[in-house]
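One-based numbering, in listed order, for ligands and for the atoms of each. We number each residue from 1, following the sequence as shown.
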Amino acid sequence: MSGIAINRRFAMAASALCAAAALTGCGKQEPGAASAPPPVPARVLVVGTDAAYTPFESQNDKGEIVGFDIDVVNAVAKKAGLEIKFVNTPWEGIFNALDQGDRDLLVSAITVTDERRQTMDFSQPYFDARQLIAVRSDSPVAKFNDIKTLKVGVQNGTTGDEVVGKLLGKSSTSIKRFESTPLALKELEAGGVEAVVADNGVVVHYLANNTAGGFKTVSDAGFPVEKYGIAVKRGNSELLAKINQGLEGIRADGTYAKIYASHFGSESK
Ligand code: ARG
């Protein structure tokens, strides 16, 4: 082999190395950092959320996605060194979008259930909720069982849908399923349903901000406590670990409590 051929091969190999290192700047390594591999640029993770769920997630007049969940996940991402962006994702397709890889994680006031655990993985819980019944102020309804004979609105595929399905029968024609919780509550206002069962935080917020006092809430101790979790694709343990680490971090440094107080007024437990 001639010297020229060797030199050319060396030059090609060297330029390939330079191309690979282009992101950090070839040949500009700090002295002493020679053995550290160049950091892989982080991919922006896509967070799916059904932004029709005030105060957890909604779109403001500028079209930005805002809310408690958004603040929590932004803080978690910052702690864990993750780059994220939120994409409004209708509830009905949200789990499928995660499974297909169109979303990397979901935050959407999602209750961790055994059934959902079969198809996705959840972070440590970050919020406690319960179902709550909304009815007209003059309604005689005093407990969950009292809505058994009524027309009931729920958001399709939610835990509210599930509990009502258990009481009225899953295929009961008295259950009216809506694409979003606000739509179910609007139908209550319009008189098309006589009760709505949904997550307490959302029901309380809606009634306080949208109705002129014509409606009330009815709680029932029989509703189990629900825990919201951040969902990742089943088996994505690396991302899950980072999210959990971020959650721990924002609880430990007081960020979580601040976010909680800014949305719900009082300090969380
Ligand atoms: N917590 C309930 C569930 O997991 C309802 C969540 C609905 N969330 C939303 N952003 N629409 O079924």
Side-chain angles (χ1 to χ4, degrees), residues 46-60 63-74 84 86-99 102-103 105-134 144 152-167 170 175-188 195-207 209-210 217 219-220 222-232 234 259-260 263-264:
V46 182
V47 187
T49 185
D50 173 27
Y53 217 63
T54 324
F56 296 94
E57 44 265 337
S58 59
Q59 253 177 316
N60 66 16
E64 299 156 343
I65 300 177
V66 296
F68 173 78
D69 282 356
I70 309 308
D71 291 349
V72 168
V73 171
N74 270 326
I84 55 163
F86 294 91
V87 175
N88 198 359
T89 308
W91 180 255
E92 295 202 6
I94 207 165
F95 298 130
N96 198 38
L98 183 69
D99 202 44
D102 295 338
R103 304 289 181 271
L105 57 148
L106 304 177
V107 70
S108 210
I110 303 169
T111 302
V112 180
T113 67
D114 287 340
E115 198 189 334
R116 289 174 182 163
R117 272 185 197 283
Q118 308 300 306
T119 52
M120 66 197 93
D121 289 339
F122 285 100
S123 70
Q124 296 306 316
Y126 67 90
F127 193 84
D128 286 357
R130 237 172 222 242
Q131 294 305 301
L132 189 62
I133 306 160
F144 185 40
V152 184
V154 295
Q155 182 178 6
N156 193 18
T158 57
T159 43
D161 186 356
E162 204 178 302
V163 292
V164 171
K166 275 194 195 133
L167 184 69
K170 229 175 149 59
I175 305 176
K176 306 289 172 208
R177 297 186 168 93
F178 296 85
E179 229 171 81
S180 77
T181 296
L183 281 178
L185 288 158
K186 273 200 186 94
E187 191 64 7
L188 176 68
V196 165
V197 179
D199 292 9
N200 50 354
V202 174
V203 171
V204 166
H205 190 278
Y206 186 94
L207 295 190
N209 290 279
N210 297 277
T217 61
S219 53
D220 189 309
F223 289 132
V225 172
E226 301 186 19
K227 307 246 175 215
Y228 293 169
I230 299 164
V232 300
R234 193 144 200 238
I259 295 172
Y260 187 100
H263 289 275
F264 301 107

Donor-acceptor pairs under 3.5 Å, side chain of residues 63-71 to any protein atom, not counting sequence neighbours: which ones?
residue : atom : partner : partner atom : Å
Glu64   : OE1  : Asn60   : ND2          : 2.7
Asp69   : OD1  : Tyr126  : OH           : 2.9
Asp69   : OD2  : Ala109  : N            : 2.8
Asp69   : OD2  : Tyr126  : OH           : 3.3
Asp71   : OD2  : His263  : NE2          : 2.7

Please tabulate, for the side chains in residues 46-55, all donor-acceptor contacts under 3.5 angstrom to protein atoms that are two or more places apart in sequence or on a different chain.
residue : atom : partner : partner atom : Å
Thr49   : OG1  : Glu57   : OE1          : 3.4
Thr49   : OG1  : Val107  : O            : 2.8
Asp50   : OD2  : Gln155  : NE2          : 3.2
Tyr53   : OH   : Asp199  : OD2          : 3.0

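Ser219 and Arg130 form no side-chain donor-acceptor contact under 3.5 Å, judged by distance and modelled atom types alone.
Residues meeting the side-chain contact (heavy atoms from CB on, under 4.5 Å) test with Arg116, sequence neighbours left out: Trp91, Phe95, Ile110, Thr111, Thr113, Met120, Phe122, Thr159.
Between atom CG of residue Leu185 and atom CG of residue Leu207 there is a gap of 6.5 Å, rounded to the nearest 0.5 Å.
Within 4.0 Å of ligand 1, contacts by protein heavy atoms are made from Asp50, Tyr53, Glu57, Trp91, Ser108, Ala109, Ile110, Thr111, Arg116, Gln155, Thr158, Thr159, Asp199, Tyr228.
With Val164 as the fixed residue, the side-chain contact (heavy atoms from CB on, under 4.5 Å) test singles out one of Thr158, Ile133, Val197: Val197.
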